[in-house]
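Since the structure comes first, as structure tokens, the remarks are kept for the end.
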Amino acid sequence: MIDSHCHLDHEPLFSDLKNVIKRSKSVGIEKLLTISTSFDSFNKIKEIVNKDKIIYGTIGIHPHEAETNLINSEQIIESLKKTDKIIGIGETGLDFYYNNSDRYKQISSFEEHIKAAIKTKKPLIVHSRNAENETYEILSNYKCDDLKILMHCFTGSYEFSKKLLTFNSYFSASGIITFKNSQTLQDTFSSLPLDKILIETDSPFLAPVPNRGKKNEPSFIDFTASKLAEIKNISKAKLVEATTKNFNDLFFS
């Protein structure tokens with residue numbers, strides 16, 4: 001399995017990294033992608049990716065941090081040169097639910113990440129909350145064959161997913177799909193093509209059932225994989241094979 005989105009620089013994961021990695025391997029995880037959310041976060045990630053061969057990282061500014069972490073496409077591109085273990089751009093995007101940063105600064109930051117993703121042909125990891133129309137409109141403005149999109153922790157509508165599929169987007173399922181009140185989201189993932197789906201923990205957030213309410217960690221992805229296999233009406237082994245291939249196709253081809 002591959003955890004396509006976690007935050008190993010966050011506590012309690014960072015201070016227990018050795019055991020977190022050990023437990024990850026024990027459930028069959030072969031890669032972890034730890035996600036940058038700010039400049040401070042990226043500085044930690046540059047160190048974390050060297051802790052174990054299964055760990056990879058990204059460079060990006062979360063929309064919550066867009067107001068205090070101003071970045072441009074050139075800075076992102078330079079950051080990608082720091083190590084070949086930085087393999088993606090993000091997470092970036094729009095969060096109009098919390099509005100922790102000015103909306104126009106979120107949009108500007110998002111666009112800078114998109115430009116860098118197009119220039120480098122690196123996957124763009126997108127966060128979108130309460131901003132479906134705006135996210136789609138911005139991505140539409142930059143639509144091209146060199147833009148590879150991964151919708152992280154996708155909780156969007158069925159209609160949004162169908163529009164994003166026209167961009168050849170991928171969609172990552174988190175522990176939210178295991179929640180009892182997530183039937184609509186489960187139905188959306190049921191409809192998505194198997195070759196466009198990844199799995200993630202978003203740890204230390206969003207622990208799946210039966211660990212809901214606890215601090216999440218990459219090894220808990222096993223529960224998300226089992227539930228997604230059930231939703232797709234396929235074996236867990238087939239689900240793991242497909243999502244692993246999808247990750248490798250997206251990030252390493």
Side-chain angles (χ1 to χ4, degrees), residues 1-37 41-60 62 83-88 90-91 123 125 127 150-154 170-179 189 197-232 234-252:
M1 289 179 287
I2 296 176
D3 185 352
S4 66
H5 194 110
C6 58
H7 297 278
L8 298 180
D9 60 309
H10 285 44
E11 294 296 351
L13 304 180
F14 184 69
S15 59
D16 192 33
L17 196 55
K18 183 177 180 180
N19 290 318
V20 167
I21 295 168
K22 183 178 181 180
R23 290 191 292 269
S24 298
K25 292 178 178 179
S26 73
V27 300
I29 291 176
E30 64 179 51
K31 290 187 182 77
L32 296 169
L33 186 60
T34 185
I35 306 296
S36 169
T37 57
S41 172
F42 182 60
N43 287 333
K44 275 189 176 180
I45 284 168
K46 284 186 291 184
E47 298 177 10
I48 292 171
V49 294
N50 295 318
K51 298 292 185 181
D52 196 280
K53 65 180 182 180
I54 73 168
I55 304 175
Y56 295 84
T58 68
I59 168 63
H62 192 286
T83 166
D84 59 7
K85 297 198 79 179
I86 303 300
I87 60 173
E91 70 187 275
I125 296 114
H127 172 114
L150 172 56
M151 300 302 298
H152 131 73
C153 189
F154 187 71
Y170 289 75
F171 303 82
S172 184
S174 71
I176 293 174
I177 65 166
T178 69
F179 299 173
F189 269 96
I197 295 175
L198 279 68
I199 50 177
E200 66 167 90
T201 59
D202 201 16
S203 51
F205 315 107
L206 302 176
V209 175
N211 294 319
R212 187 175 183 182
K214 299 179 181 179
K215 287 293 184 180
N216 200 5
E217 66 170 76
S219 65
F220 293 174
I221 202 167
D222 202 34
F223 301 109
T224 302
S226 295
K227 183 62 179 181
L228 188 56
E230 177 188 320
I231 291 167
K232 300 297 289 181
I234 58 176
S235 69
K236 182 182 172 186
K238 185 174 181 180
L239 185 282
V240 169
E241 179 183 12
T243 54
T244 298
K245 180 181 186 300
N246 295 344
F247 180 95
N248 288 328
D249 286 349
L250 179 60
F251 285 94
F252 294 101

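We use all heavy atoms of the structure for the numbers below, so side chains are in, but hydrogens, waters and symmetry mates are not. Position 1 is the first residue of the sequence; numbering continues from there. For clarity, every value in this text was computed on a predicted model and none was experimentally measured.
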### Task
Over all heavy atoms of both residues, which pair between Ser219 and Glu217 is shortest? Give the atoms and the distance, please.
OG-OE2, 2.7 Å
#### Entry: Test side chain to side chain donor-acceptor pair (under 3.5 Å) applied to His7 and Thr34, Asp202, Thr37, Thr201, the passing residue
Asp202
#### Entry: Sequence-distant partners of Lys232, side chain to side chain donor-acceptor pair (under 3.5 Å), two or more places apart
none
### Query
Heavy-atom distance under 4.5 Å between the side chains of Pro12 and Pro204, does that happen here?
yes
### Query
What residues, two or more places apart in sequence or in another chain, satisfy salt bridge (Lys or Arg N to Asp or Glu O under 4.0 Å) together with Lys236?
Asp222
### Query
Does the side-chain contact (heavy atoms from CB on, under 4.5 Å) test come out yes or no for Leu8 and Ile21, once each step is laid out?
CA-CA 10 Å; Leu8 298 180; Ile21 295 168; 5.7 Å; no
#### Entry: Chi angles and distances behind the side-chain contact (heavy atoms from CB on, under 4.5 Å) call for Ser24, Leu32
CA-CA 9 Å; Ser24 298; Leu32 296 169; 4.1 Å; yes
### Summary
In this structure, CZ of Phe247 is separated from CG of Leu33 (nearest 0.5 Å) by 4.5 Å
### Query
Which pair of heavy atoms, one from His152 and one from Ile125, lies closest together, and at what distance?
CB-CG2, 3.7 Å
### Atom of Ala225, atom of Val240 and distance for their closest heavy-atom approach
CB-CG2, 4.4 Å
### Message
Run Ser203 and Val20 through side-chain contact (heavy atoms from CB on, under 4.5 Å) and show every step you take.
### Response
CA-CA 11 Å; Ser203 51; Val20 167; over 6 Å; no
### Atom pair OG1/NZ of Thr58 and Lys85 - distance to nearest 0.5 Å
13.5 Å
### Task
Enter the distance from Phe252:CZ to Lys31:NZ here, rounded to the nearest 0.5 Å.
5.0 Å
#### Entry: Between OG on residue Ser174 and NE2 on residue His5, distance to nearest 0.5 Å
9.5 Å
### Message
Parallel, tilted or perpendicular, judged at 30° and 60°: which one describes the rings of His10 and Phe205?
### Response
perpendicular
### Query
Which atom names give the shortest non-hydrogen contact between Phe220 and Pro208, and what distance separates them?
O-CG, 3.5 Å
### Task
Could you grab the distance from atom CG of Leu239 to atom CD of Glu230, nearest 0.5 Å is fine?
11.0 Å
### Query
Can you name the closest pair of heavy atoms from Gly90 and Ile35 and give their distance?
O-CG2, 3.8 Å
### Summary
Between Tyr170 and Leu198 the two heavy atoms that sit nearest each other are CD2-CD1, 3.6 Å
### Task
I would like to know whether Asp52 and Leu17 meet side-chain contact (heavy atoms from CB on, under 4.5 Å); could you show each step before the answer?
CA-CA 10 Å; Asp52 196 280; Leu17 196 55; over 6 Å; no
### Task
Can you measure from CD (Glu200) to OG1 (Thr243) and round to the nearest 0.5 angstrom?
12.0 Å
#### Entry: Asp16 and Arg23, any side-chain heavy atoms less than 4.5 Å apart
yes
### Query
Do Ile2 and Asn246 come close enough that some side-chain heavy atom pair is under 4.5 Å?
no
### Query
Do Lys46 and Phe42 come close enough that some side-chain heavy atom pair is under 4.5 Å?
yes
